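Note sheet for the following structure.
A quick note: this is a predicted structure, and the numbers were derived from the prediction, not measured. Note that the numbering runs from 1 along the sequence shown for the chain.
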Amino acid sequence: LRPIEIQRLQVSNIDFENQKIILNGEKTKNHKKRTIIIPTNMWDKTKDFWKKIHKLDKDMYLFGENFKPSKKKIDNPNASTLRWNKIKEELNLPKECLLYGFRHTGITKLLQDKNLSNNEIRMHTGHETIAMLERYGRHITEDMEQKYRKVNCL
């Protein structure tokens, strides 16, 4: 999800039975409906989180006021970045660790998976074109991976 999509995410967008997030066009960057499949291993690792969320009112924003479940959404589109910068400072993380870096890493991992076509990944990530997808997906070689592991981001 993009940071702005996270800010717009409500309990009603979670399909608990099918383990996915469904965003209508008014909540996405390109104003098109998106379905985000949550991998089974990620769903299982976060099952306690999902149990708590499932009990909340459907109209609540998952990351509302003060980034906690709330009926009031965050109106500042830069709030996620500002919050991430504060977390980075508290954890003494380098400035190079960007919030969008998590999305780019996820795209890269999807591109490395030979079971998915680039078009399937493009649809999942909400990119308009394969070119845009590849712009954000870093094709990591084994040598690059070793270099990245030395960067102190987390």
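- Here the side chain of Q7 pairs no donor or acceptor atom with the backbone of G64 at under 3.5 angstrom.
- N78 places no side-chain N or O within 3.5 Å of a backbone atom of T81 that could act as its donor or acceptor partner.
- Applying the side-chain hydrogen bond (donor to acceptor under 3.5 Å, both in side chains) test to K73 and every residue at least two apart in sequence or in another chain returns nothing.
- Between D57 and V11, the closest side-chain pair of non-hydrogen atoms is not below 4.5 Å.
- For the pair I6/F67, no side-chain contact is recorded, criterion being any heavy-atom separation below 4.5 Å from C-beta on.
- Annotation for M123: atom CE counts as buried by contact number, over 12 foreign heavy atoms lying within 6.0 Å.
- Using modelled atom types, one side-chain atom of D15 and one backbone atom of E17 make a donor-acceptor pair closer than 3.5 Å.
- Atom NZ of K58 is separated from atom CD1 of I53 by 11.5 Å, given to the nearest 0.5 angstrom.
- A donor-acceptor contact shorter than 3.5 Å is absent between the side chain of T46 and the backbone of F49.
- Atom CG of L116 is separated from atom CD1 of I121 by 5.0 Å, given to the nearest 0.5 angstrom.
- The structure places NZ of K72 at 11.5 Å from OH of Y61, a figure rounded to the nearest 0.5 Å.
- Counting heavy atoms from C-beta outward, I36 and L23 have side chains that approach closer than 4.5 Å.
- Of the possible polar contacts, one joining the N13 side chain to the I22 backbone as a donor-acceptor pair under 3.5 Å is found.
- Contacts of H54 classified as ring-ring contact (aromatic ring centres under 6.0 Å, His included), with partners at least two apart in sequence or in another chain: F16.
- Tested against I21 for a side chain to side chain contact (heavy atoms under 4.5 Å, CB included), the candidates I37, L62, T35, L9 yield a single pass: L9.
- Between atom CG of residue D44 and atom CD1 of residue I38 there is a gap of 11.0 Å, rounded to the nearest 0.5 Å.
- Atom CD of E89 has 12 or fewer heavy atoms from other residues, nucleotides or ligands within 6.0 Å.
- L82 is listed as a side-chain neighbour of N76, based on a closest heavy-atom distance under 4.5 Å.
- In this structure, the side chain of Q10 engages the main chain of D59 through a donor-acceptor pair within 3.5 Å.
- Sparse packing is recorded around NZ of K68, with 12 or fewer heavy atoms of other residues, nucleotides or ligands lying under 6.0 Å away.
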Kindly indicate, with the supporting measurements, whether the criterion side-chain contact (heavy atoms from CB on, under 4.5 Å) is fulfilled by N66 and I74. CA-CA 8 Å; N66 297 317; I74 299 171; over 6 Å; no

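- With a 4.5 Å cut-off on side-chain heavy atoms, N30 and E128 count as touching.
- One distance of note links OG1 of T40 with CD of Q19; it measures 5.0 Å at 0.5 Å rounding.
- The closest side-chain heavy-atom distance from F63 to P69 is not below 4.5 Å.
- For the atom pair N85 CG and K88 NZ, the distance stands at 4.5 Å (nearest 0.5 Å).
- Every pair passing salt bridge (charged side-chain N to carboxylate O under 4.0 Å, His left out) that includes a residue from residues 4-13 is listed here, sequence neighbours excluded: R2-E5, E5-R34.
- Without hydrogens or angle criteria, R122 side chain to H127 main chain gives a donor-acceptor distance under 3.5 Å.
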